[in-house]
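Report on the following structure.
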Amino acid sequence: MTANEIRSAYLKFFADRGHAVIPRANLVPKEDATTLFTGSGMQPLVPYLMGQEHPQGTRLVDSQTCFRAEDIDEVGDNRHTTLFEMLGNWSLGDYFKAEQLPWFWEFLTGTVGLDPERLYVTAFIGDKKNDIPKDTDSADIWEGLFKDKGIDAKVAEIGSEEDGYDRGIKPGERIFFYDASKNWWSRAGKPENMPIGEIGGPDSEVFYEFTHIEHDTKWGKHCHPNCDCGRFLEIGNSVFMQFIKRDDGGFDPLPKKNVDFGAGLERIAAAAIGDADMFKISLLWPIIRKLEELSGFTYDQNPVAMRVIADHLRAATWLAVDGVVPSNTAQGYVMRRFIRRAIRQALALDLNEDFLELVVPVISELYRSDFPELEARETEIINVLVQEEKQFRRTLERGVKEFNKLAGAKLTGETIFLLFDTYGFPPELSLEEAHEKKVEIDQDWRTDFDKLLTEQKDRSRTATVGQFKGGLADHSDISIKYHTATHLGYKALRMVLGDHVIQRGSNITPERLRFDFSHPEKMTPEQIKQVEDIVNEYIDQDWPMGFREVPTEQAFKEGALGAFGDKYGETVKVYTAGDPDGEWVSKEICGGPHVAHTGALGEGGKRYKIKKEEASSAGVRRIKAVLE
Ligand code: SER
């Protein structure tokens with residue numbers, strides 16, 4: 001079955017069992033300001049799972065486009081995508097385990113035709129602390145279902161997260177009990193991570209085994225269904241949504257027991273063709289084929305670039321379907337990043353000229369017949385992406401122009417550094433230009449480039465020591481890094497929470513940064529994660545940090561941020577991460593000092609992490625963050 005066939009069959013299967021087929025929700029949540037994107041099928045249904053009556057009844061089914069920008073760094077292997085479709089069915093206080101598990105089993109083994117010998121399942125081991133029992137009901141149901149297929153499925157406890165689940169699978173075992181890290185679902189994860197008022201419950205997952213994939217001990221001594229080596233792929237999750245977190249940290253049962261089922265359409269499609277490479281399925285392979293055709297490279301020659309391009313453009317296309325346009329804030333910013341990353345990756349395939357107008361129509365073709373909202377606006381959608389490509393290529397062109405002026409007969413590390421430092425033109429593009437223009441490349445370019453980069457960092461450090469008054473306890477390297485991290489974090493908080501976020505205080509020691517800001521409520525774990533991801537992305541992007549002195553009015557016109565209550569003179573120093581007149585991610589009125597490049601914050605594999613989020617005073621929140 002193709003992915004489109006699986007989607008239709010799933011909707012029909014559950015419609016035949018009394019479910020109302022509901023339309024997918026927009027990728028930009030309309031009534032949920034806590035998250036930038038719809039990331040699961042249940043998200044738009046939370047109010048109904050909490051007890052509100054749904055106008056279409058107590059049995060619902062849909063296929064929900066989901067977008068998880070936080071998975072961006074995983075894209076490139078054979079199974080991660082940022083956009084996917086989640087097949088979902090829900091019981092709002094209607095049926096429960098005894099119907100849900102057999103139905104999904106029948107769908108997989110009957111409708112899709114998966115070999116039951118390739119299927120493994122999991123259930124919740126229980127949580128004594130929170131008084132939540134072991135889910136033996138699910139295990140019993142699974143045993144019976146396997147038996148119907150002539151399989152004597154043995155049950156086992158796989159252990160806990162602390163021991164790395166390193167027990168392995170003994171002969172005949174197919175039903176595994178895991179702890180809350182694996183078999184408990186809420187939007188915030190494990191019971192202890194759930195905020196007050198959040199709903200969750202134990203879940204039961206089904207895995208497909210790709211027998212041709214050998215276990216890799218890099219992921220642990222023994223393989224098991226939840227191992228990340230790629231041998232097992234989770235293809236569906238039945239959440240028994242029945243608890244709500246109380247003020248005192250314990251759990252109350254919800255008024256009604258619900259089923260919240262979600263399955264990755266793309267994953268079931270991969271299982272259906274028995275290929276562990278998700279990019280071989282009918283919703284991705286045509287994009288890869290087009291890239292092969294346009295570039296002259298085969299998929300095997302550069303799978304990573306092709307996967308990234310296919311994933312990112314498919315995601316950006318869907319964002320366009322849902323009305324997002326590239327910009328410098330919120331959803332538009334994420335979309336811009338995705339399109340630009342795809343175009344950068346395309347350079348590795350020698351796709352140096354506009355190609356989106358040829359690839360995006362292939363993507364829309366894959367969905368057109370099943371999604372009228374895409375068909376109705378197809379030309380407009382394609383155009384949104386094509387225009388962004390044109391604009392980005394102009395930025396790239398400016399770098400190339402400067403390259404021509406500066407390179408001469410031999411490309412030196414110094415020139416590469418200058419292009420990088422002043423125009424944001426990445427070193428690898430300078431090298432490519434040199435190859436193309438047959439300009440000789442100085443063999444020692446890398447050494448010189450690195451030396452200049454270090455010198456520049458030292459220079460900016462010396463130049464700015466002593467200039468900064470507020471917040472910084474000292475001028476050690478690490479405090480300077482935390483100062484830059486404070487700027488990036490400020491920007492990220494505004495992107496995630498909104499423009500009402502204003503700095504109310506800052507304090508930096510070599511151990512951590514502390515930042516106070518206006519915001520009326522507690523941040524959700526998801527928001528914290530988003531802020532961390534954005535800052536880490538800025539670190540990875542290695543933006544140059546520089547300052548210039550400008551009239552105060554101009555600084556604000558340019559979008560520079562200040563702190564609440566600060567007084568400014570006629571002119572101010574504005575620190576920018578990026579090019580102040582071009583592409584930048586943070587602009588702030590500040591005396592410094594800062595690192596020369598945001599990448600310095602990530603040296604030694606360090607990541608920005610928020611360790612604490614708490615109230616500081618009424619309407620003001622406080623975070624403490626570290627680079628670790
Ligand atoms: N909420 C569960 C998930 O997202 C099932 O829908 O996996």
Side-chain angles (χ1 to χ4, degrees), residues 6-7 10-11 13-14 19 21-22 24-25 27 29 32 34-35 37-50 54 58-71 74 79-97 99-101 103-105 107-108 121-124 135 138 178 180-191 193-195 198-208 225-226 232-245 254 257-268 271 524-526 529:
I6 294 171
R7 184 197 302 113
Y10 174 79
L11 297 175
F13 184 95
F14 282 90
H19 290 64
V21 181
I22 57 172
R24 71 178 185 99
L27 280 169
D32 180 359
T34 61
T35 163
F37 298 104
T38 302
S40 66
M42 63 82 81
Q43 211 169 293
L45 294 168
V46 170
Y48 308 104
L49 291 164
M50 292 180 86
H54 193 283
T58 53
R59 295 182 178 200
L60 308 171
V61 63
D62 77 4
S63 178
Q64 175 65 50
T65 39
C66 296
F67 181 58
R68 295 188 179 171
E70 59 273 25
D71 288 345
E74 322 280 355
R79 60 187 177 279
H80 278 95
T81 61
T82 55
L83 181 115
F84 60 97
E85 264 178 80
M86 196 181 276
L87 304 175
N89 63 267
W90 291 274
S91 155
L92 303 175
D94 189 320
Y95 57 87
F96 208 46
K97 299 176 188 177
E99 292 82 8
Q100 172 58 27
L101 299 178
W103 280 342
F104 184 45
W105 177 258
F107 176 71
L108 288 178
V121 301
T122 64
F124 185 49
D135 187 6
S138 291
Y178 281 87
S181 295
K182 299 295 179 193
N183 277 90
W184 175 275
W185 203 92
S186 81
R187 290 178 298 175
K190 295 195 273 195
N193 294 346
M194 288 166 64
E198 182 65 22
I199 54 172
D203 65 33
S204 180
E205 302 185 334
V206 178
F207 290 79
Y208 184 84
N226 272 301
F232 290 96
L233 182 70
E234 183 214 319
I235 54 171
N237 184 12
S238 301
V239 183
F240 305 115
M241 194 63 92
Q242 52 185 317
F243 295 105
I244 182 161
K245 186 138 174 177
L254 282 169
K257 287 181 180 174
N258 308 298
V259 174
D260 158 32
F261 171 79
L265 168 63
E266 285 85 348
R267 291 177 170 208
I268 295 182
T524 65
E526 206 176 346
K529 172 88 170 51

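Every number for a ligand or one of its atoms is a count from 1 in the order of the listing. Note that the coordinates shown come from a computational prediction; the quantities given were computed from them, not determined experimentally.
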(request) Indicate whether any N or O donor in one side chain lies under 3.5 Å from an N or O acceptor in the other, for Gln100 and Asn89. (result)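 Result is yes, a qualifying pair exists.
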(message) Quick test of your reading of the model: are Arg187 and Glu526 salt-bridged, counting only N-O distances below 4.0 Å?
(response)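 Here Arg187 does not pair with Glu526 in a salt bridge, since their nearest N and O are not under 4.0 Å apart.
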(message) Less than 4.5 Å apart, side chain to side chain, heavy atoms only: is that true for Val259 and Phe240?
(response) yes
(request) Write out the protein residues near ligand 1, meaning a non-hydrogen atom under 4.0 Å from one of its atoms, in order of chain and number. (result) Ser40, Met42, Met86, Trp185, Asn237, Val239, Asp260, Phe261, Gly262
(request) Could you pull out all residues at least two apart from Asp94 that satisfy side chain to side chain contact (heavy atoms under 4.5 Å, CB included)? (result)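 Partners of Asp94 by the side chain to side chain contact (heavy atoms under 4.5 Å, CB included) criterion, ordered by chain and then number, come out as Thr58, Arg59, Ser91.
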(request) Kindly write out the residues that satisfy side chain to side chain contact (heavy atoms under 4.5 Å, CB included) with Glu70, not counting sequence neighbours, or none if the list is empty. (result) Arg68, Lys529, Asp533
(message) Applying ring pair (Phe, Tyr, Trp, His ring centres under 6.0 Å), can you list everything that pairs with Tyr208, at least two apart in sequence or on another chain?
(response) Phe210
